[in-house]
Amino acid sequence: MQKLTSSELRTQYLNFFKNHGHAVIGSASLIPENDPTVLFTTAGMHPLEPYLMGEKHPLGKRLVNVQKCVRTGDIDEVGDATHCTFFEMLGNWSLGDYFKKESIHFSYDFLVNVLKINPKDLAVSVFEGDGDSPRDVDSAGYWVSEGLSPEQVYFLPKKNNWWGPAGLTGPCGPDTEIFIDTKKPKCSPDCSPACDCGKFIEIWNNVFMQYNKTAEGKFVPLDNKNVDTGMGLERTICILNGYKSVYETDLFIDAIKLIGSEASAKYGESEEATRAIRIIADHMRTATFIIGDERGVTPGNIDQGYVLRRLIRRAIRYARKLSIRVSTLWELAELYVGQYANVYGELERNKAGIISEIKKEIEKFEKTLNGGLKEFEKVAAITTGVIDGAAAFRLYDTFGFPVEITEELAKDKGLTVDRAGFDAAFVSHQQKSQAGAEQKFKGGLHDHLDETTRLHTATHLLQAALRRVLGEGVFQRGSNITAERLRFDFSFGRPMTSDEISETEKIVNDVIKAEIDIVLEEMSVEEAKNKGALGVFESKYGEIVKVYTIGGFSKEICGGPHAKNTRELGVFKIEKEQSSSSGVRRIRAVLINGEL
Ligand code: SER
């Protein structure tokens, strides 16, 4: 195997595909703009969706890039050898050009002839077939003609060998995944790449996008068959160099050393210390990239800002555990900016903002952290089993503890948190504050919470109204809420007429006037899909999702929070409707306090 640094692997990958006719494109923003409703860009294919759906790409039919990605679905796994919340994905695409045979050939050629991986160390999986798509005997055959033995090819079900769509609808298809076989003995006779015993480590995924999944759940063949591949940079560097974890790669090693030099327990000294140091290194890298992004966000209470807040606050908590000065956290951000400046110039340009936002967030949380930890200890001491929702809410509201941090603290003590109770306390508090009983909040979490909450609910009403006025082809493509206004991007191919705009406003205002309760339920993703909920899947949510229903009018998977009743919203007004990008329109709207 070639021992490569991260920058060598980026270059070798881009050059290989460039030499095979692929145009090199830059990394898109981490915050999706014209994308299905995910909080972050989670794969190189996200920003390319319109082209995977058939739109012509200006640079042609073969593309390659290195994409910044954030996935927080596995946040609890961070600290092990391979999981990170931020990672770089090496990807190559065929937009209706080559298909399975060439894609498999390129992958084999790159792995075996460029990276010098012994083909005997590879294993691949292919789709075993079901009612939606046939058994992928073609891909299996191509792997064998490249040089793998049939024993290295595993047929696996949809659960393992199908990718997408990224949201509810969009391009998807069977994939073939490529693994390094560590040659550890099989853990059981059934051991396969689907098994997480550690024998097989996934490095690359080639998706054969041949279907568009519709809102009705149908798989409609795409006119153009595409290839979408993704290889994890961190994992591949780790494997090529024979490291035990991604934290030993050049991407992390300086950060680990910096944290280690400050920490009361040393890296490698115990599993607990190693994990804590890795979590700090991972979370501060992700925070640096989210704030420093060309469409960067700052810590806040909803959506991307809330994820960022959780990451920074979690890093602060672990820094405390290891008696690390909190200034180390912004020193880490400085280190990452310098380390990545050549590849991601936006970090250097936004450096001052990155450091000041991290400092501000630390200051906010530090004010209440000690008090919160004491309060938690008190609560834990009198709790057996489940911490009640009201106590978790107090930790959130008064001490700025994201409920996920309380859950984590609880887990260390063998306790759990009543999440439904927390949500109920949250909603009831909002209602009280809405009534003016409590307008001022302690801690940092409640900045403009009422305004953003009401606008958030208005966004759900707007999406449902647009689908009534313009048709079911309308889906959210992005959303951005400040205390003053909402901004909503949606798929639609032409400007709206003024009649359509007034009709949409009227429908939303009619629902507001109807004084409908907003109902929150928790259910599995499958159940939500079956009930026709719109929304975001994959990285943003766990297995169980929250579904907000507004009468028979709107049903969306959403993290919340929302108003309790539509009457809280006041009067809805669309201020502007304009183009956002090809096939995507943008609405700016406000809520005006007052009677209808
Ligand atoms: N979209 C696929 C993935 O994320 C391949 O890039 O695995």
Side-chain angles (χ1 to χ4, degrees), residues 9-10 13-14 16-17 22 24-25 27-28 30 32 35-53 57 62-74 77 82-95 97-100 102-104 106-107 110-111 124-127 133 136 139 156 158-180 193-194 196 200-213 222 224-236 536-541:
L9 178 58
R10 284 193 204 95
Y13 181 83
L14 293 175
F16 175 87
F17 283 97
H22 293 66
V24 179
I25 55 173
S27 171
L30 265 180
D35 229 301
T37 54
V38 285
L39 285 181
F40 295 103
T41 299
T42 59
M45 59 75 67
H46 279 155
L48 294 173
E49 274 217 339
Y51 309 105
L52 292 162
M53 293 294 288
H57 194 285
R62 295 182 179 204
L63 305 174
V64 61
N65 87 347
V66 182
Q67 174 65 47
K68 311 182 269 189
C69 299
V70 166
R71 290 187 188 180
T72 51
D74 290 332
E77 312 292 325
T82 55
H83 286 89
C84 304
T85 53
F86 169 89
F87 65 100
E88 290 172 85
M89 186 183 272
L90 308 167
N92 62 278
W93 293 274
S94 155
L95 303 173
D97 189 37
Y98 60 82
F99 203 44
K100 295 181 181 177
E102 296 83 347
S103 168
I104 287 173
F106 286 144
S107 293
F110 183 69
L111 294 172
V124 298
S125 61
V126 296
F127 182 53
S133 187
D136 196 358
S139 293
L156 295 174
K158 195 172 231 154
K159 185 157 77 70
N160 310 99
N161 273 78
W162 189 274
W163 202 88
L168 185 65
T169 61
C172 58
D175 59 14
T176 179
E177 297 189 14
I178 307 169
F179 300 79
I180 297 295
D196 58 10
F200 298 100
I201 300 170
E202 186 196 336
I203 51 167
W204 205 346
N205 183 10
N206 296 17
V207 185
F208 303 125
M209 293 194 153
Q210 46 190 111
Y211 301 100
N212 174 30
K213 187 174 182 194
L222 289 169
N224 284 329
K225 294 188 187 356
N226 309 303
V227 176
D228 154 44
T229 89
M231 183 195 288
L233 177 81
E234 285 77 357
R235 278 189 193 185
T236 307
V536 187
F537 305 101
E538 306 265 357
S539 65
K540 188 173 169 182
Y541 301 104

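All values below come from the heavy atoms of this structure, side chains included, with hydrogens, waters and symmetry mates left out. First listed ligand is number 1; within each ligand, the first listed atom is number 1.
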Side chain to side chain donor-acceptor pair (under 3.5 Å) between S94 and D97, worked out:
CA-CA 5 Å; S94 155; D97 189 37; 4.9 Å; no
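For the pair L52 and N226, the tightest heavy-atom approach, listed with the atom from each and the gap, is O-ND2, 2.7 Å.
Legend: residues meeting ring pair (Phe, Tyr, Trp, His ring centres under 6.0 Å) with F17, ordered by chain and number and at least two apart, are Y13, H22, F106. Legend: residues meeting ring pair (Phe, Tyr, Trp, His ring centres under 6.0 Å) with Y211, ordered by chain and number and at least two apart, are W162.
When each of N205, N161, T176 is tested with S125 by the rule side chain to side chain donor-acceptor pair (under 3.5 Å), just one qualifies, namely N161.
Within the structure, salt bridge (Lys or Arg N to Asp or Glu O under 4.0 Å) pairs that include any residue of residues 82-91 comprise R10-E88 (at least two apart or interchain).
Protein neighbours of ligand 1 below 4.0 Å, counting non-hydrogen atoms: A43, M45, R71, M89, W163, N205, V207, D228, T229, G230.
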